[in-house]
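Read the structure below first, then the notes.
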Number of protein chains: 2
Amino acid sequence: MDQVKQFNDYLNRKGLKTTSQRMIILETFLESDSHYSTEDLYLKLRAEYPKIGYATVHRTLKLFAECGIAAERNFGDGQTRFEPIDAEGHHDHLVCTECGLIIEFEEPQIEELQKTAAAAHKFTIESHRLELYGRCAACVAAGD
Amino acid sequence: MDQVKQFNDYLNRKGLKTTSQRMIILETFLESDSHYSTEDLYLKLRAEYPKIGYATVHRTLKLFAECGIAAERNFGDGQTRFEPIDAEGHHDHLVCTECGLIIEFEEPQIEELQKTAAAAHKFTIESHRLELYGRCAACVAAGD
DNA sequence: TAGTTTATGAAAATCGTTTTCAATATCTCA
DNA sequence: TGAGATATTGAAAACGATTTTCATAAACTA
Ligand SMILES: [Mn+2]
Ligand SMILES: [Mn+2]
Ligand SMILES: [Zn+2]
Ligand SMILES: [Zn+2]
């Protein structure tokens, strides 16, 4: 489903209101494919819309996550990041600890084995996180 | 290697000192197998050693992680947790989002596939985290 | 042991995040 | 439409986990 529609449906369902700030934040969020912290997106927005406050950006990102159009990520640097969830579906991450580069990957076999492992403990999976930390090719090539 | 020895070696190597607090904290940390936050361990220690300060507990847990006898974990509840690294080697976690139960598991096939995925992106893995979130058997049985 | 260095504990500072609150915008329906 | 009801906003304050500061205490060195 269209992400804008999904967000608006959610607002209606919850009795929340459509505001210009929410629409601007949504548009800016969707038109990029990076992993934004609240701070990141706030700074990007501020250039064009200096009136939008930090708290509004943060609250809106949480709304995106609640309604399922954004995924909340945490790569261990103490900042929560958000990324749009698109039609391409689930992916996991390679995180370069040197330059911060984030590479996305999919590995269906790992997903299957996770189900097996959970089943062995009679555990019902709702979500998972898998991140591989290390050094990207560029950082390795650049030496120590 | 013995964990106490490993810690003492680290202290020596770095020119740090062996203190009674460090030894008490180490002993208490090792004799349990749970996933401690600083707060958890501080409270447990306080019962027997009320003079030990929170900051010392926290600094000491960081030292354990630095010297390789503890692993730092984060299960998404905003608290960093520490667990002893024992001879049994690496494991990942199932985390019950309802009761907080943590189940440990090992899945060598997943570890292998991680290497494959990283190699496909010429990425050098240094560490990884894999957590499966959901509901444990007891919580599922207890119903919604 | 005296001298040097590091550790400690309490309190303050930090940092990302969340909440508060008075002012403003949106929505409802007469 | 437009008044009243309800939700939202932005700035600032509060929050909570973690980290730092600093004066005193302890450990190590020679
Ligand atoms: Mn991603
Ligand atoms: Mn564990
Ligand atoms: Zn890199
Ligand atoms: Zn449970």
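Order of the sequence lines sets the chain letters (A, B, ...), proteins ahead of strands, with each chain counted from 1.
- Taking the six-membered ring where the residue is Trp, the centroids of B/Phe64 and B/Phe82 are separated by 6.0 Å or more.
- Residue A/Thr18 is in sugar-phosphate contact alone, with no base atom involved, counting any heavy-atom pair closer than 4.0 Å across all strands shown.
- Remark: C1' of C/dA7 and NZ of B/Lys62 are 18 Å apart, rounded to the nearest angstrom.
- Distance, B/His58 NE2 to C/dA11 C1': 16 Å, rounded to whole Å.
- Summarising the geometry, the separation between NZ on B/Lys14 and P on C/dA7 is reported as 12 Å, rounded to the nearest angstrom.
- Counting heavy atoms from C-beta outward, B/Glu126 and A/Thr97 have side chains that approach closer than 4.5 Å.
- Scanning for side-chain contact (heavy atoms from CB on, under 4.5 Å) contacts around B/Ser20 gives an empty result, with sequence neighbours left out.
- Across all strands shown, B/Gln79 has heavy atoms under 4.0 Å from sugar-phosphate atoms exclusively, and none from any base.
- Straight-line distance from the CZ atom of B/Arg22 to the P atom of C/dT8: 4 Å, rounded to whole Å.
- Residues meeting the side-chain hydrogen bond (donor to acceptor under 3.5 Å, both in side chains) test with A/Arg22, sequence neighbours left out: none.
- Aromatic ring orientation, B/Tyr54 versus B/His58: parallel (interplanar angle below 30°, classes split at 30° and 60°).
- Residue contacts shown for B/Arg59 include a base, since a base heavy atom lies under 4.0 Å away.
- Under the side-chain contact (heavy atoms from CB on, under 4.5 Å) criterion, B/Lys44 pairs with B/Thr28, B/Ser32, B/Tyr36, sequence neighbours left out.
- Going from atom CG of B/Asn12 over to atom P of C/dT6 covers 14 Å, rounded to whole Å.
- For DNA chain D, the span of nucleotides reached by chain B at under 4.0 Å from its heavy atoms goes, 5' to 3', from D/dA17 to D/dC28.
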Can you tabulate the close N/O pairs, meaning under 3.5 Å, that link protein atoms to atoms of nucleotides 28-30 of chain C?
none

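- Using a 4.0 Å heavy-atom distance criterion, A/Ser37 is classed as making no nucleic acid contact.
- Spacing between atom OH of B/Tyr54 and atom C1' of C/dA12 amounts to 15 Å, rounded to whole angstrom units.
- Partners of B/Arg59 under the side-chain contact (heavy atoms from CB on, under 4.5 Å) rule, at least two apart in sequence or in another chain, are B/Ala55, B/Thr56.
- One atom, OH of A/Tyr42, and another, C1' of C/dG16, lie 15 Å apart when rounded to the nearest Å.
- Whole-Å rounding puts the A/Tyr36 OH to C/dG16 P distance at 18 Å.
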